[in-house]
Each structure stands twice: as C-alpha cells, then as structure tokens.
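First comes the structure, then the notes that go with it.
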Amino acid sequence: MSGMEDLTIDARKQELLEARFWGASKMQSGSESNMSTGSSLGAGANSDKETDSALGFTSTPEQNEKGETTRGRKRKAAENLSQNAKKVGANSTNSKKINDYFEPATSPARNPSSQNDRLIMSPTGLVNPLRSSPSSRHGNNSSSNIDYSGLVHLQQKRHVAKETRSTQSEMTFHDISHLQTVNSGHATEKSKKLDEVTRQKQDLEFHLKESDAIMKKCKVQLIHCLKVCKDLLVEKSKKEKIEARKKAMEGRLRLGQFSRQGTGYQESWTNGWAFADLGLKKEKINREKEDIEKARKILNKRKPSANAARKANNPEGDGFTRPKEPKDLLSVQEYHERDEVLRQRLSAVKRDENELQFELERLERERSLHIRELKRISNEDNSCFKDNPVLNDQYLLLSLLGKGGFSEVYKGFDLEELRYVAVKIHHLNREWHEQKKLDYARHANREADIHRSVNHPRIVSLYDRFEVDINTFCTVLEFCGGNDLDFYLKEHRLMGEKEARTIIMQVVSALVYLNSLERSVIHYDLKPGNILLCHGTVCGDVKVTDFGLSKQFDEGLSPGDGMDLTSQGAGTYWYLPPECFVRGPGGQPPKIDNKVDVWSVGVIFYQCLYGKKPFGHNLTQEAILKQNTILRATEVSFPNKPTVSAEAKSFIRRCLMYHKEDRADVFQLADHPYLKPSAGKRGTASSANSNQNGPAL
Ligand SMILES: Nc1ncnc2c1ncn2[C@@H]1O[C@H](COP(=O)(O)OP(=O)(O)OP(=O)(O)O)[C@@H](O)[C@H]1O
C-alpha cells in the first residue's frame, strides 16, 4: 500500500501529521508522551517518531539535513517537507530539531518493549499499533517510500482531521489485546449464535415442513370426517323421517286423517279408531246412565208410601186405620237397598264418564299434535329442500321443523361451526308482482336487522343470512331442540304454577332487555309458539324468537312515547291487547308501546296455568274480530280449579288491565313482587297441586 493511500484514508495518520507539524513546537524536551498524546497538540517526541513511522517516513529530519548524498528525489521530498514544516511551524518557539527529541535507545521504533505500550486508536476505534510499519520497526532510514505529496494533501485536509482528533486516543497493548480478546470472543460468540440460529432455522424449516404435512393430512382427515359426519347425519335424518312417517301412519288409523272430499281439493278430517272406541265407551256409559235412570224411575214408583215408612219406623202404629198399600210397593228396607245400589251404579258411571272425558281430552291433544305432524310431513314432502341439500356450502338441511306464512324452518347442521342450527328459508312467491316481492323482502330484511341487533341469553340468536336464489333467502338461527311452548301446551294442556312462573320470568327478562336497547323493540307477536323450550321441558331455559312483526323505536324515542301501529290486523288475536283493535278517528292507526307485550305475557301465563286462553278460547281469529271479543275483554276471571296463588292472579290482572294507562309497562312488570326471589317460595301454588294431565276441573 502506498503512503499516499494511507494519508488520504486514515484519519489517524492525519492526526499524526498534526502532531508532526504542530505538536513538535509545543513538546517539552525529553518528555515522554503519555497516553493522550494522539489527541493533544502537545504531542511528545515519540509521537513525532511514530507519526513518521505511521506515515511511512522512515527518515528523521536530522537525516534529511545530512542527506546531501541521498538521491535527489529524496532530497526534494525532504525539502518540501522542510518547507512545509517551516510554514506550519512558523510560530514554534522551540528551535530544536525534531530528532533531538528521540533517544535512539528509547526510540519506540527501536524499543519494542516500550513500543508495546504505545499504540494509537484510530477514530474508527480499530487499534493500529504504530510499530506496524516494517521500515520503522527495522530502523530503516531509507526515504525511498516517502510520499510527500501526501503531506500537502493532508495539510489541505487538516481542518477536517481536527474534527476527528478528539476521538483519537492512545492505548496500551494490554488494552488492545484485551479488546482483541473481547472482539475475538464476540466474534466467536457471534459465529456460535449464527450457527445456533442457522440450526434453529433449519429445525424450524423442518418442523414447518412436518407441520405442513400434518396439516395436509389433518385437512384430508377433516374433510373425510365431515363427509362421514354429513353422511351419518343424513342417514339419521332419513331414519327419523321413515320413523316419523311410520308413526304418522299408525296415528292416521288411531287418531284420524285428512281425506279429500269428492273431486275437490277441500280436505276433511276423519277421526281414527281410538275416537271410535271412545265413542263406543261413551255410548255404553250413556246406556248405563239411561238404565240407571229407568231403574230409578221404576224404583220411585215402588217407593213405599209414607205410611209404610212410618210403620217401618213405628211398628206398633199410631192407632189409626189406613187404606191398604198397593201390592207392588216395596218395603222400606227393600227400597233403600235398591236405591243404594242405583246410587252406587250412578256414581261408578260418573267416574267412568270423567275418565272417558279425560281420555278424550288426552286423545284430542294427541290428535292436535298428530295433525301438526301430518302437516309437517306433508310440507316436508312438498318442500324443494327435503333431500338434505347443503346451502351456502355450509348448512346441511336435515328435517323440516315447521312452516310459517312464507317461510320454512329446517333443522340444519352447520358444517363449519359443527353445531345444529335452525335455517329459516324465506320464499318470495314467483307469482307475486315485483312490488309485493319488494315489500316482503323489505319486511324480512327489517326482521333480520332487528334480530341481528339483539343479543341476550333469553332470545334466540341470529347467526347468518344469505341468499339461495333470486326468490329465496335464508336466516340461520340458534337451534332450540325442545319444541315450542305451544307444542308443550297441546301435549299437556297446562303446567304447575312454579314452572309457569319460571317461564314468565325468563320472558320478562327478554322484554326488559329489548326495552333497554338504544332503539327499544316491541316484539308484538309473543305467543306460546314463539317461546322455545331448550330442553323440551318446562323446567329448563326458554328463548323468545320470531321478530317478524316486531317494531323498533326510532333513536332518541323512549319506549313510553308510543308509536303508530302500522300493521294493524297482523298478529295472533288471542294474545293482543284491546288497543290493537281500536280504530282512531278517520281510520287513524292506534298508538302502541311495550304494554302490548305485557298483555301477551298475561295471556300466556293464564293459559299455562288454566290450560285455556282468557279471552276467545274456542274462537277462531275471524270470530274474535267479528265478535269484538278482545275489545270487550274488560275484566279477566279465574276458574276455581286448578288452585293458583293470589299473587299470580294479581300479576295476571296487572298484565291484563283493559286500559293501557292502567297496565304495567315492561319495567314495572319486572319489578312486580311476584317475580321477586322470595315470592317463588311463598307465593306459588305447588305444581303438585295442579293436575297437569288431568281433565279440566
Ligand atoms: N330456532 C329454532 N329452533 C328450533 N325450532 C325452531 C326455531 N325457530 C323456529 N322453530 C320451529 O319451527 C317452526 C316454524 O317456525 P316459524 O316461526 O316459522 O313458524 P310459525 O311461528 O308457526 O309461523 P309464523 O312465523 O308465520 O308465525 C315452529 O314449530 C318452531 O317451533
């Protein structure tokens, strides 16, 4: 490497030059430079020597003066150097030649032991021992490798070097070897780490490949599992369908069936043999009753006269002579015997009659479930989704749960979330004109929007919504596997007060939630069919569903403000309050609020307890409308049986107040003492008291 390259690149050398041209004038005679020489203008003699060395100057100034015999170019260089030195050191007060400061014996260049301790730290921090110049180390005085042009260049850059000067320092060999050790330690450590990281990387790559392979295998297995699962579900659903149809067929014979009348499409119902059997029993009972009646009449004809009775009581007589008794009159004793027998027969017949009535009611409940099932099967058979399709690549349809106005609800299985769901399929009738389709779609969207905005444990969750085709879309709901309350009541007619109270508490809790929302919601269609039993019994959780008719208040409106009833006429009339049937002046819609739902709660509670609706029990919707049944439902009356607590009756009365101003709102209802924890212990009549399956008493 040429001296020029050293000079232009190494700032350390710039520093040394500084020391060479500036520091010399300030040096103290014979003073040995200390460790800070390199960074100070008062650089010692050794520094000068070292500077030369480092710059590749192997000749001293003294030698240059004597160097008349050396080659011309060297002299020239020496002269240049001397001139530069003069220029630079013009202010120097010390006239000593520079080599006067160097004791040959102590010259760092000749004294390796002292040199070992004199090292210069380059600005970059890399250690560069001054003795590294071979010419200096060997005391070579030759100036053949001096490059003076470097000096000029260096001078020009002097001010630049000044900036870096402060970072230079002199270090001992010990420090350097320590640093070298540390550095080499670091290097070893780094290389070890690098090895380690490389190994880890390789390990990770290996694991990644392994995991990839496992994942691929799992994916294949999962797809296979899902397929097996799907096949099993389909198989199970097919078996259940066959079973259901077999049961329905038996039911057709036992309980009855629809049959076509003539050539028309009108279907009429014909009862099955169970009803015929009951009919025969009923006839037998009636005959028995008639027989008893006849026998009673005959007995009455042969009833002993009062005279005979007196005689029987007083065999000695009263002394009067009486006309002879007819021959066929019974003696008092005989009459009493026969009368007793007839009484017993009659009471036995009455017992049979009660049992028959009980059997008939049970059979009728069975029949109504059977009719529901027949309709379900018929709807399922006619449904275009009956063959277990997978909708939206996710929902496997299993069996039809029921059919509403314009929708079918299927029990389905979510193949992604691996859970049962209820898939409600909304159909737009192809025959409808565009406006009707739009109206229905808007209505169904509104229902889904309201449903999506609610989230409560007592309300069925809405999971998903998607389109099947241009006329069909689906909503996916949380599945409740225990049928609805309507099904339960059809099967059992009524329930104990404790169970009914538990159901009502849960429904009220859902209503409180709906009315606490920022935009509160009136359900408007609360009825047993829209209360789902999660476990099929009335002892467990229930959830409210079907927001098809619900109304949502605008933001900022409180539920107490009321809103116009836009869809008057819709809904299930047995459960709607009088205000929903009122027509305002000029056909104005009535104002409604959350007290509509409170009325419905009262009706449902009453029905659970007494097995019948409080208003219009046996009437059709049309008849209720025609007869203004609900508009005349000013007061609720309670049957004597079954026994119901006074608190429960008071709660029902609070719900069924005719004027909505007198009726409790949802929050007041939730605050009713009957729903408070202590009321459960003292207030409710025991469920054991009420005969759930017994005949109406
Ligand atoms: N989330 C659900 N889980 C289980 N069964 C359900 C669910 N939702 C509805 N069902 C059942 O599906 C059937 C049909 O329900 P849907 O609400 O459509 O009918 P509906 O109430 O009879 O009709 P409409 O909506 O016209 O009043 C009912 O028997 C109901 O019990």
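Counting starts at 1 for both ligands and their atoms, following the listed order.
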Look at atom 23 (O) of ligand 1 and say which protein heavy atom is nearest, naming residue and atom and giving the distance to 0.1 Å.
Gly404 CA, 3.3 Å

Compute the shortest N/O to N/O distance between Asp525 and ligand 1 and return yes if it is under 3.5 Å, no if not.
no

Which residue in the set Arg493, Arg365, Lys613, Arg372 passes salt bridge (Lys or Arg N to Asp or Glu O under 4.0 Å) when paired with Asp486?
Arg372

Is it the case that more than 12 heavy atoms not belonging to Glu635 sit under 6.0 Å from its CD atom?
no

Identify the protein heavy atom lying closest to atom 28 (C) of ligand 1, giving its residue, its atom name and the separation to 0.1 Å.
Asp484 OD2, 3.8 Å

What protein heavy atom is closest to atom 26 (O) of ligand 1, reported as residue, atom name and distance in Å?
Gly405 N, 3.1 Å

Count the heavy atoms belonging to other residues, nucleotides or ligands that lie under 6.0 Å from CD1 of Ile470, then report whether that count exceeds 12.
no

Could you walk me through whether Tyr410 and Ser383 satisfy the side chain to side chain contact (heavy atoms under 4.5 Å, CB included) test, starting with their C-alpha distance in whole Å, then the side-chain angles of each, then the deciding distance to 0.1 Å, before giving a yes or no?
CA-CA 10 Å; Tyr410 265 88; Ser383 168; 2.8 Å; yes

Arg372 N/O under 3.5 Å from ligand 1 N/O
yes

Mind telling me whether Phe406 and Trp432 have parallel, tilted or perpendicular rings, with 30° and 60° as the class edges?
perpendicular

Just jot down the ligand 1 atoms closer than 4.0 angstrom to any heavy atom of Phe479, in number order.
3 (N), 4 (C)

For atom 3 (N) of ligand 1, the protein heavy atom that lies nearest, with its residue and separation:
Cys480 N, 3.0 Å

Can you tell me which portion of Lys543 lies within the under-4.0 Å heavy-atom range of ligand 1? Options are side chain, backbone, both, or neither.
neither

Minimum-distance protein heavy atom relative to atom 11 (C) of ligand 1
Leu401 CB, 4.1 Å

Quick one: which of Lys411, Arg245, Lys386, Lys403 gives a salt bridge (Lys or Arg N to Asp or Glu O under 4.0 Å) with Glu380?
Arg245

Lys424 near ligand 1 by a heavy-atom separation under 4.0 Å:
yes

Specify the protein heavy atom at minimum distance from atom 1 (N) of ligand 1: its residue, its atom name, and the distance to 0.1 Å.
Glu478 O, 2.8 Å

Test item: Asn382 side-chain N/O and Ser378 main-chain N/O as donor-acceptor pair under 3.5 Å
yes

Run Ser237 and Asn388 through side-chain hydrogen bond (donor to acceptor under 3.5 Å, both in side chains) and show every step you take.
CA-CA 9 Å; Ser237 109; Asn388 308 106; 3.2 Å; yes

With backbone taken as N, CA, C and O and side chain as the heavy atoms from C-beta onward, which portion of Asn530 lies under 4.0 Å from ligand 1: side chain, backbone, both, or neither?
side chain

If you round to the nearest 0.5 Å, how far is CD1 of Ile604 from CD1 of Ile531?
4.0 Å

Nearest non-hydrogen protein atom to atom 25 (O) of ligand 1, with distance, is Asp546 OD2, 3.0 Å

Enumerate the atoms of ligand 1 whose separation from the nearest heavy atom of Ala422 is less than 4.0 angstrom.
1 (N), 2 (C), 3 (N), 7 (C)

For atom 18 (O) of ligand 1, the protein heavy atom that lies nearest, with its residue and separation
Val409 CG2, 3.4 Å

Tyr606/Trp574 aromatic ring centres below 6.0 Å
no

Backbone N/O of Glu478 and side chain of Ser461: donor-acceptor pair under 3.5 Å:
no

Taking 4.0 Å as the limit for heavy-atom contacts, which would you say applies to Lys527 with ligand 1: side chain only, backbone only, both, or neither?
side chain

Any nitrogen or oxygen of Thr545, main chain or side chain, under 3.5 Å from a nitrogen or oxygen of ligand 1?
no

For Lys403 and ligand 1, does the shortest N/O to N/O distance drop below 3.5 Å?
no

Which ligand 1 atoms does Leu532 reach within 4.0 Å, using its non-hydrogen atoms?
1 (N), 2 (C), 3 (N), 7 (C), 31 (O)

